[in-house]
Amino acid sequence: MPDGVVNIVVVGLGGQGVLKASDILAEAAFAAGLDVKKAEVHGMSQRGGSVRSDVRFGREVLSPMVPAGRAHFLLALEDSQVEVNREVLGEDAAVLRPGQIDISKLNSPRSLNIAMLGLLSAHLDLPVEHFVAAVRANLPPAAHGANLAAFEYGRSLK
Amino acid sequence: MFGIWDLGFGIFPVTFSSMSEPDRKLLSGNEAIACAALDAGVALGAGYPGTPSTEILEVFSSLGGYAQWSPNEKVALEVALGAAFAGARAVATMKHVGLNVAADPLFTAAYTGVTGALVVVSADDPGLASSQNEQDNRRYAVAAGLPMLEPADSQEAYDFTAAAIEISERWSIPVLLRVTTRVCHSKTIVQRRTLNRPAAAPHYERDVQGRVMIPTYARLAHRRLRAKLAAIAQWSETAELNKVYSPGSPGGELGIITSGISTMHAREAAPAAAVLKLGMTYPLAVGKIARFARSVKRCLVIEEGDPYLAESIRAAGIAVDAQPEMYRFGELSVERVARILANDRSAEPQPAKGKPPQLCVGCPHRLTFETLRDLGCVVAGDIGCYTLGVLPPFEAMDTCVCMGASISVGLGLRHVLGEEQARRVVSVIGDSTFVHSGITGLVEMVYNPPATGHVVIILDNGTTAMTGLQEHPATGRRLDHGPAAQLSIEALAKAVGVPCVAVIDPISQRDRLRGLLEESLANGRLNVIIIRRPCPLAAKRIRQVQPGQS
Ligand SMILES: Cc1ncc(C[n+]2csc(CCOP(=O)(O)OP(=O)(O)O)c2C)c(N)n1
Ligand code: SF4
């Protein structure tokens with residue numbers, strides 16, 4: 001990455017687990033020993049509105065928000081939110097969409113966020129064990145099995 | 001990375017924890033403030049929920065601190081002030097508009113000062129992510145005469161909370177900690193520290209002249225306050241709270257003076273510029289600012305919100321450039337700071353509109369707004385989830401100003417409108433908002449009744465849903481969801497003298513609501529209709545924390 005900072009934007013609608021996915025991603029980067037910042041706006045997310053969360057990591061991160069035109073990855077849990085966030089995409093940015101996941105392969109459709117995160121993780125230079133640990137740390141034990149399977153499935157798709 | 005303790009003024013010695021790994025965490029600014037409050041021995045945290053401040057007390061409580069929701073911000077600040085009079089360390093938290101509600105005690109607490117420590121957290125919301133205005137509470141520091149600290153990330157949120165406690169104790173003065181949405185809700189790495197200065201055991205020392213603000217004593221207190229501020233301004237000149245980042249050699253082209261989150265945007269947008277980051281934005285370290293301004297060829301102030309720094313620095317006789325007026329509106333960002341640096345005044349690209357939030361499917365507020373719409377009511381509204389009743393498909397709200405205004409604004413409308421219109425005016429308020437600032441409106445209604453009577457609807461969904469499902473006095477549960485005495489809204493309405501009080505369930509008594517509202521609008525009397533049905537999200541949360549209760 002040109003400036004040494006990886007910029008990822010996770011988008012979706014309230015209730016889809018955007019914030020959970022970005023929390024796990026940020027923790028995986030943190031565990032890898034990098035500087036990490038994560039930004040989002042709370043408040044309306046529980047009522048189905050657009051949600052966006054920015055995760056940046058590298059040697060030193062300053063602003064917590066990904067500047068327009070600088071995202072390397074847009075992880076969209078909902079197709080309609082790609083267009084809304086198009087301005088954030090950098091040249092050659094990868095857009096990961098829910099269509100890349102076969103929902104029937106998941107134990108629960110609610111694991112879409114974690115499956116997408118698995119897909120993203122395959123593009124990132126972060127040790128997989130940090131993702132696994134972060135999934136465990138951020139979800140209740142009863143949900144570990146289904147979500148770790150979803151993560152593995154997503155990761156296998158690249 | 002290192003806090004103000006490196007300064008060595010020595011009253012707050014710090015040791016870095018040996019177990020550094022587990023103590024380094026990715027935390028939001030709010031979590032960091034809560035951790036600092038705990039680590040610094042804060043005995044009491046009081047507040048009223050409000051985005052983006054809410055999580056501070058929730059996390060402080062979950063870590064084992066004593067935290068409480070008060071009915072509103074004024075009460076919370078007064079409770080915290082009492083604790084600080086007794087020598088304890090106390091924190092009061094609120095969103096920016098909450099400080100308006102708490103402004104009365106704030107201004108005079110500046111005079112009385114404190115014995116322990118009092119930190120007032122003001123969480124501002126530039127860009128209005130979830131607020132009714134974007135007021136800049138740096139102005140309160142000046143108006144009340146209180147020191148203000150502004151952290152830029154979670155590490156500083158942690159360090160500055162501890163510093164605020166220290167300053168408060170050292171000068172016996174309440175301190176304002178101003179955070180903004182992006183500091184509260186961004187996560188960055190925090191190193192917790194061992195703060196080696198145990199709090200004194202609370203104990204009351206009588207100090208009548210210092211605590212009883214009759215004019216004779218308050219005149220003296222005002223002079224004491226100004227003397228404290230002068231001493232703090234002096235201290236601020238060398239405090240590490242105000243930091244210079246100088247990437248190049250001294251005498252560079254561009255210098256930027258900034259504070260809070262804007263520092264991060266500015267340093268990213270202008271990596272070659274020297275940056276003076278003001279951690280204490282009141283009182284200002286004028287000498288340090290002057291030296292910095294002289295050290296660069298061009299000195300520009302970059303700030304989110306009002307041109308507070310630019311105006312104050314110019315008023316001190318220091319020549320600086322200010323950003324164009326158009327950047328006063330909304331949040332700053334790396335892109336916007338780049339535009340400011342390029343003096344770009346062209347129209348900014350409008351961000352694509354996302355999907356707006358809506359009342360949840362199954363929300364108990366829905367029926368009320370369908371009914372108000374169908375009856376063509378003039379709705380004096382209020383703030384909460386139910387403000388979404390203004391949007392399609394309801395479009396059933398006509399005014400929304402501040403918490404509690406629904407009842408009083410509705411009364412004002414009723415007093416002056418012609419009879420036909422007056423009879424259609426309804427005030428709509430949520431349960432948490434009613435307890436916060438609707439009760440006095442109800443007293444007003446009984447004391448000064450409009451000729452046509454009035455109808456107040458209280459939407460009792462058993463929670464403060466808007467800000468993330470907090471408890472309040474009428475839920476019968478405390479901040480940590482443990483049991484508390486429950487305020488009865490209907491008993492209160494009757495006690496203040498409202499003649500017609502009805503309670504209705506919008507689900508099981510669905511068909512009765514329209515008729516009840518029509519009768520109330522027609523009867524010319526004073527009516528309170530309590531529409532009671534728990535928010536399904538809150539009910540689920542309560543089942544999780546308290547199996548067996550709903
Ligand atoms: C002075 C002030 N404090 C806090 C807030 C934040 N806030 C907005 S609405 C609200 C209360 C919402 O609760 P309620 O009235 O019960 O309505 P609900 O959201 O549950 O429908 C709060 C705390 C505010 N806008 N103004
Ligand atoms: S959170 Fe509760 S009160 Fe708010 S819109 Fe949803 S159901 Fe209604």
Side-chain angles (χ1 to χ4, degrees), chain A residues 3 5 7 11-16 19 22-31 33-57 60-70 78 80-88 134 137-138 140, chain B residues 24-26 28-30 50-52 54-55 125 127-131 152-154 181-189 261-269 271 331-338 349-361 363 385 388 465-469 535 537:
Chain A
D3 54 3
V5 171
N7 296 321
V11 299
L13 298 177
Q16 285 190 313
L19 305 187
S22 64
D23 270 335
I24 294 170
L25 171 61
E27 276 182 29
F30 173 58
L34 299 169
D35 189 18
V36 186
K37 289 191 178 173
K38 168 180 141 96
E40 65 221 8
V41 171
H42 295 196
M44 289 296 182
S45 53
Q46 64 189 341
R47 291 166 216 84
S50 296
V51 185
R52 165 177 162 173
S53 180
D54 297 9
V55 179
R56 312 185 75 192
F57 52 87
E60 187 190 20
V61 182
L62 292 169
S63 172
M65 292 132 78
V66 174
R70 299 268 298 282
E78 164 79 28
S80 66
Q81 298 305 297
V82 174
E83 214 34 61
V84 178
N85 291 286
R86 192 159 284 288
E87 48 85 28
V88 83
N138 278 279
Chain B
R24 260 183 111 237
K25 281 206 175 107
L26 202 52
S28 69
N30 284 346
T51 312
T54 312
E55 299 84 1
D125 190 13
L128 301 114
S130 188
S131 300
D153 62 13
S154 302
T181 301
R182 293 295 178 175
V183 173
C184 293
H185 287 162
S186 294
K187 286 192 177 178
T188 73
I189 298 171
I261 190 71
S262 310
T263 313
M264 298 297 173
H265 307 322
R267 289 182 59 209
E268 183 162 340
E331 285 189 294
L332 290 186
S333 59
V334 175
E335 306 91 292
R336 294 190 88 201
V337 171
Q350 283 306 306
K353 278 215 173 64
K355 183 168 176 285
Q358 286 182 331
L359 290 176
C360 302
V361 181
C363 175
C385 276
L388 293 169
M466 172 83 177
T467 45
L469 311 170
C535 157
L537 276 74

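Labels below follow one simple rule: chain letters A, B, ... track the order of the sequence lines, proteins then strands, and each chain is numbered from 1.
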- Determine the minimum heavy-atom distance between B/Lys355 and A/Leu13, stating which atoms define it. CD-CD2, 3.9 Å
- From the list B/Ser154, B/Ala352, B/Cys363, B/Ser28, the residue making the most non-hydrogen contacts under 4.5 Å with chain A is B/Ala352
- Query: How close do B/Ile189 and A/Val36 get, heavy atom to heavy atom, and via which atoms?
  - Reply: CD1-N, 3.9 Å
- Could you list the residues that satisfy salt bridge (Lys or Arg N to Asp or Glu O under 4.0 Å) with A/Lys38, not counting sequence neighbours? A/Asp23, A/Glu40
- Side chain / backbone / both / neither for A/Pro64 at chain B, heavy atoms under 4.5 Å: side chain
- Task: Could you tell me the separation between the CG atom of A/Leu62 and the OG1 atom of B/Thr263, rounded to the nearest 0.5 Å?
- Result: 10.0 Å
- Query: Nearest 0.5 Å, what's the NZ-CG distance between B/Lys187 and A/Leu19?
  - Reply: 9.0 Å
- Message: Shorter than 4.5 Å, heavy atoms on both sides: which option in B/Gly354, B/Ser186, B/Pro52 has the most such pairs with chain A?
- Response: B/Ser186
- Message: For a quick test of reading the model, state the closest non-hydrogen atom pair linking A/Pro67 to B/Val334 and the distance between them.
- Response: CG-CB, 3.9 Å
- One option among B/Thr54, B/Leu26, B/Val337 has the most heavy-atom pairs under 4.5 Å with chain A, and it is B/Leu26
- Looking at CD of A/Glu60 and CD of B/Glu268, how far apart are the two atoms once the value is rounded to the nearest 0.5 Å? 9.5 Å
- What part of B/Leu359 is in contact with chain A, defined as an atom under 4.5 angstrom from a non-hydrogen atom: side chain, backbone, both or neither? neither
- Measuring from B/Glu335:CD to A/Ser63:OG, what's the distance to the nearest 0.5 Å? 8.0 Å
- Note on the structure: Per-residue tally against chain B (heavy atom, under 4.5 Å) across A/Val61, A/Val84, A/Asn85 peaks at A/Val84
- Looking only at heavy atoms, the pair that brings A/Met65 and B/Ser333 closest together is CE-CB, 4.1 Å
- What pairs with B/Arg336 under salt bridge (Lys or Arg N to Asp or Glu O under 4.0 Å), at least two apart in sequence or on another chain? B/Glu348
